[in-house]
Amino acid sequence: QVQLVESGGGLVQAGDSLRLSCAASGRTFSSYAMGWFRQAPGKEREFVAAITRRGGTTKYADSVKGRFAISRDNAKNTVYLQMNSLNPEDTAVYYCAARLSTTILTREYEYDYWGQGTQVTVSS
């Protein structure tokens with residue numbers, strides 16, 4: 001089992017950048033595929049970005065492609081989401097997720113473990 005704790009959210013202005021972190025417990029972090037999802041008020045949770053267990057493959061939602069970057073440091077048991085050129089439509093609670101997997105995972109139901117979320121608010 002793995003526990004996930006997100007951090008790095010906050011209130012920023014349009015055009016600013018933020019880096020989210022997700023720290024994972026356990027000694028087998030490098031066996032887990034990781035993903036970031038977000039949920040805006042009144043909307044369903046949606047996929048943002050994903051990365052394979054060794055970091056060799058990444059995928060992004062079209063809405064964030066070219067602005068966001070997912071990465072991981074297996075030595076630190078941490079996955080990151082660098083968010084640039086933020087706009088008000090990026091306002092949401094951001095969640096990281098994990099699953100033991102050798103492949104990249106982009107669907108919410110594919111993940112077994114979830115963090116509690118971190119709020120990102122972008123003002124115009």
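Start at 1 with the first residue, then count along the sequence.
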Find out if a path of hydrophobic residues (ILVMFWY) with successive side-chain heavy-atom gaps under 4.5 Å connects [X] to [Y].
X: Leu86; Y: Leu11; answer: no
X: Val5; Y: Leu81; answer: no
X: Phe47; Y: Ile51; answer: no
X: Met83; Y: Tyr80; answer: no

So do Val122 and Gln13 actually touch side chain to side chain, heavy atoms under 4.5 Å?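 Gln13 vs Val122: side chains apart.
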With the side chain counted from C-beta on, respond yes when Thr103 and Thr52 share a heavy-atom pair under 4.5 Å apart, and no when they do not.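 Side-chain contact under 4.5 Å: no.
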Does a side chain donor of either Glu89 or Thr91 reach within less than 3.5 Å of an acceptor in the other side chain?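 No, no side-chain donor-acceptor contact under 3.5 Å.
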What is the minimum heavy-atom distance between [X] and [Y], and which atoms define it?
X: Gly9; Y: Val120; value: CA-CG2, 4.1 Å
X: Ala24; Y: Leu4; value: CB-CD2, 3.7 Å
X: Ala92; Y: Gln119; value: O-NE2, 3.4 Å
X: Leu20; Y: Trp36; value: CB-CH2, 3.7 Å
X: Ile104; Y: Ala50; value: CD1-O, 3.5 Å
X: Ser30; Y: Asn74; value: CB-ND2, 3.5 Å

Do the two ring centres, one from Phe37 and one from Tyr95, sit under 6.0 Å apart?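 No; Tyr95 has its ring centre 6.0 Å or more from that of Phe37.
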Would the distance check show the side chain of [X] and the main-chain N or O of [Y] forming a donor-acceptor pair, the cut-off being under 3.5 Å?
X: Ser123; Y: Val12; answer: yes
X: Asp112; Y: Gln1; answer: no
X: Tyr111; Y: Leu105; answer: yes
X: Arg67; Y: Ser85; answer: yes
X: Glu6; Y: Gly117; answer: yes

Using residues 54-62 as the side-chain source, report each donor-acceptor pair under 3.5 Å to any protein atom, sequence neighbours left out, with the distance given to one decimal.
unit_1	atom_1	unit_2	atom_2	d
Tyr60	OH	Ile70	N	2.9
Asp62	OD1	Lys65	NZ	3.1

Separation between [atom1] of [X] and [atom2] of [Y], rounded to the nearest 0.5 Å:
X: Tyr109; Y: Arg99; atom1: OH; atom2: CZ; result: 10.0 Å
X: Asp16; Y: Asn87; atom1: CG; atom2: CG; result: 11.5 Å
X: Ser17; Y: Asn84; atom1: OG; atom2: CG; result: 3.5 Å
X: Arg72; Y: Cys22; atom1: CZ; atom2: SG; result: 10.0 Å
X: Glu46; Y: Glu108; atom1: CD; atom2: CD; result: 10.5 Å
X: Tyr94; Y: Arg38; atom1: OH; atom2: CZ; result: 4.0 Å

Test side-chain contact (heavy atoms from CB on, under 4.5 Å) applied to Phe68 and Asp90, step by step: CA-CA 11 Å; Phe68 290 12; Asp90 296 317; 3.9 Å; yes
More than 12 heavy atoms from other groups under 6.0 Å of CD on Gln3: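 No - once you tally the heavy atoms of other residues, nucleotides and ligands closer than 6.0 Å, there are 12 at most.
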